[in-house]
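Throughout, protein chains are lettered first and strands after them, A, B, ... in sequence-line order, and every chain is numbered starting at 1.
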Number of protein chains: 2
Amino acid sequence: MEFKHQSTVTLAEVAQAAGVGESTVSRVLRNHGSFSGRTRERVMAAVERLGYVPNRIAGTLASTGSRLVAFVIPSLSNIVFSDVLRGASAVLEENRYQAVFSVTDYDPGKEEALATAMLAWRPAAVMLAGYEHTDGTMKMLRASGCRVVELLDLDGDALDIAVGFSNRAAGRESAAFLLRRGYRRIGYVGHDLDRDTRAGKRFSSFCDTLDANGTPLIAREIVAGASSVENGKQGLERLLARATDLDAVYFSNDDMALGGYFHCLAQGIAIPSQLAIFGYNGLDIGRAIPQPLSTIRTPRVTTGQIAAELVIANAPPQAIDLGFELIEGATA
Amino acid sequence: MEFKHQSTVTLAEVAQAAGVGESTVSRVLRNHGSFSGRTRERVMAAVERLGYVPNRIAGTLASTGSRLVAFVIPSLSNIVFSDVLRGASAVLEENRYQAVFSVTDYDPGKEEALATAMLAWRPAAVMLAGYEHTDGTMKMLRASGCRVVELLDLDGDALDIAVGFSNRAAGRESAAFLLRRGYRRIGYVGHDLDRDTRAGKRFSSFCDTLDANGTPLIAREIVAGASSVENGKQGLERLLARATDLDAVYFSNDDMALGGYFHCLAQGIAIPSQLAIFGYNGLDIGRAIPQPLSTIRTPRVTTGQIAAELVIANAPPQAIDLGFELIEGATA
DNA sequence: TTGAAAGCGCTAACAG
DNA sequence: CTGTTAGCGCTTTCAA
């Protein structure tokens, strides 16, 4: 059951009340075209008196150009995506754009369905996470003629605009850091990599770097389900049960790494002397634990901001690498 | 610069390609009214062949009933609100509703501006956090004729629908729990309460309960800015510098409480024997730390779900109390 | 500087 | 079961 709007004041009523034509009201309200100061006053007075709220649905239809920006994100539990939304929405709001979103749960099929549903609102742009989309999604997006922004990943070919950082580079640098620190018996605890392809990319180039050094990964533990502190804790516990001689563990992200950290804390495993821990994301909480977490900080909010700015400016297709920062911390 | 859509296929073109009238296509697509199986097939074939994507903007304007649901939330950094969004968006997506949002940064003035901007999209409902709105916001919302849902708070008068739990009851039960456990020298560490009125309500009834017991709050520390782990840590440090003989501390929420926990861990303060800690929200991470956090778990995702369901069902005005659960944990 | 009029793409009666 | 015909509320030429 949809809602029927009642007594909505229309532009025509405002025009009548102000004693001017409809187009004049429209011009005044959008501050576009020319009109006299007196006309302006009369229109504004009528708007005020009647409590007129413009109908953007009608406006968008008439002008065939929308100020809607659609986000299709994998998850709202993962702070990564709410950070991006946060950065973007601040910029969008300032520019009178409106953010619209839906959540795919990391399901490519759902992504396609939701992206289609989004296009029905004729947004100015669709923002997606990463590069892994179904052929259907790609084709539809390309055909839509609407701007497409791929976020948080730069390891692939951009459809239109891409803003983020290289997950492969992050994996590489994480490995290089651990090697530089002298760790050689390294393990991995991660979550479902088929779904989180960005974590998968980090892991694969992490391993490549270890291999190139002649000290391949010793053991890995992949937990079922999404990343979480609890899963990181259990993952490390299981990993250590099988591989007792590790000197460092790389986690798929900070949530997982924090779980690992808490496991060590509870078990009396000394960090980093007995076991080093390294994460990914650079969450604030990682700096507040007794030993600051060693990790890579990613510019998530900035990613959202830049993406929004590019869309608003209708910038040409491009890929923007925002880089990341390695935080030495005290756990590795 | 807004985007001009190109070569968009319209319903009229589909109708022509299928050799039927426009309204027939419309009926088939919405699966509403009657049409023959053969007609259906021909229409669907044409839709497929042309890659037609319905224009919801036009559809909404024509039917004067929208499937847009607008969220006006204080923050996206606070997991509380992303949890609500998550619960709601799952339900909305299933019902082909579309979520739209904007972020107020806890600024009532901004809330009014953003709510107005939202109404311009003629949403089926506007969802807001809590009851504290400016007179302007209230008046406008009432006049809009659109459904209004107030979330996460039940201590006040609902404008239309309210879904959540009582923050006053939560504060009261937290205090009662600490008293029951034998704590008498209790302190508080909180964040900006003027902005987060729900935290303010918890604190005020927490204090009332202590007063009624004849053991008033001994000391409080209010940190500047938003709640965060880091702020909780610093807040507790400052509080303990002034009040050395506390036996328990109540925090404005779990983020803050975790900061306090980490402070104790780093300083070698025994929990709960030397100092007890109590939070609010029931975040997952609170269960993964070495000593599970004592706190109150709130049904945030459910709040979003129920809110969305009520809106979709166009339910009558009502207030729904989802309650909360006290988690005994190991820190108090 | 202003108003009249023609749509934007779709839905919703209403006939047939 | 299906097509025709008005709009929905606004923007945008185009004349005046």
Side-chain angles (χ1 to χ4, degrees), chain A residues 2-43 46-47 50 52-68 119-123 144-145, chain B residues 2-43 46-47 50-68 96 119-123 144-145:
Chain A
E2 293 174 15
F3 181 77
K4 284 274 179 184
H5 282 280
Q6 50 209 48
S7 67
T8 347
V9 182
T10 67
L11 187 146
E13 300 178 64
V14 173
Q16 185 154 42
V20 300
E22 294 185 31
S23 51
T24 302
V25 176
S26 177
R27 276 183 227 114
V28 170
L29 255 30
R30 284 173 304 127
N31 196 27
H32 181 282
S34 52
F35 42 82
S36 71
R38 214 175 107 275
T39 301
R40 199 195 112 85
E41 276 168 28
R42 286 170 54 187
V43 169
V47 164
L50 272 51
Y52 172 66
V53 176
N55 183 332
R56 287 255 235 162
I57 295 281
T60 300
L61 181 60
S63 65
T64 63
S66 99
R67 277 178 180 257
L68 241 26
L119 286 179
W121 291 103
R122 300 295 187 269
S144 75
Chain B
E2 293 174 18
F3 181 78
K4 284 276 180 183
H5 282 279
Q6 48 212 45
S7 67
T8 350
V9 183
T10 67
L11 188 146
E13 300 178 64
V14 173
Q16 185 155 38
V20 300
E22 294 187 30
S23 52
T24 303
V25 177
S26 178
R27 276 183 226 115
V28 170
L29 256 28
R30 284 174 303 127
N31 196 27
H32 180 282
S34 51
F35 43 81
S36 72
R38 217 177 103 277
T39 301
R40 200 196 110 86
E41 275 169 29
R42 285 169 54 185
V43 168
V47 164
L50 272 50
Y52 172 66
V53 176
N55 184 332
R56 288 256 236 162
I57 296 282
T60 302
L61 180 61
S63 65
T64 62
S66 101
R67 279 181 179 253
L68 242 23
R96 302 180 1 98
L119 286 179
W121 291 102
R122 300 295 187 268
S144 75

Check whether any side-chain nitrogen or oxygen of A/Thr39 sits under 4.0 Å from OP1 or OP2 of C/dT2, and answer yes or no. yes
Just verifying a value: how many Å separate B/Arg122 CZ and B/Leu61 CG, rounded to the nearest 0.5 Å? 10.0 Å
Please determine if a side-chain N or O atom of A/Ser34 lies less than 4.0 Å away from the OP1 or OP2 oxygen of C/dT1. yes
Is the base of D/dG9 touched by the side chain of A/Thr10 through a donor-acceptor pair closer than 3.5 angstrom? no
Which residue in the set B/Thr8, B/Asn55, B/Val53 passes side chain to side chain contact (heavy atoms under 4.5 Å, CB included) when paired with A/Leu119? B/Val53
A/Gln16 atom CD is separated from D/dC10 atom P, nearest whole Å, by 14 Å
Think A/Ser26 has a side-chain N or O under 4.0 angstrom from the OP1 or OP2 of D/dC10? no
Comparing A/Ala62 and A/Ser36 on DNA chain C - which has the more 5′ nearest nucleotide: A/Ser36
Spacing of CZ belonging to A/Arg67 relative to OG1 belonging to A/Thr60, to within rounding of 0.5 Å: 9.5 Å
Whole angstroms only, please: what is the CD1-C1' distance between B/Ile57 and D/dT11? 14 Å
Side chain proximity check, A/Val20 to A/Phe35, heavy atoms < 4.5 angstrom: no
How many Å lie between CZ on A/Arg42 and C1' on C/dT2, as a whole number? 12 Å
Side chain A/Arg27 and base C/dG3 donor-acceptor under 3.5 Å: yes
By nearest-nucleotide position on DNA chain D, the 5'-leaning member of B/Glu22 and B/Leu61 is B/Glu22
Whole Å only: how far is the CD atom of A/Glu41 from the P atom of C/dT1? 15 Å
Crowded around B/Gln16 CD? As in, over 12 foreign heavy atoms under 6.0 Å? no
Distance, rounded to the nearest Å, where B/Arg38 contributes CZ and D/dT2 contributes C1': 12 Å
Nearest-angstrom distance from the residue atom CG of A/Leu11 to P of D/dT12: 13 Å
Any N or O donor-acceptor pair under 3.5 Å from the base of C/dA5 to the side chain of A/Ser23? no
What is the separation between atom CZ on B/Arg40 and atom P on D/dC1, rounded to the nearest whole Å? 14 Å
Choose from C/dT2, D/dT12, C/dG7 the nucleotide whose nearest atom is closest to any side-chain atom of A/Arg30. D/dT12
Rounded distance in Å - CD (A/Glu13) to P (D/dC10): 9 Å
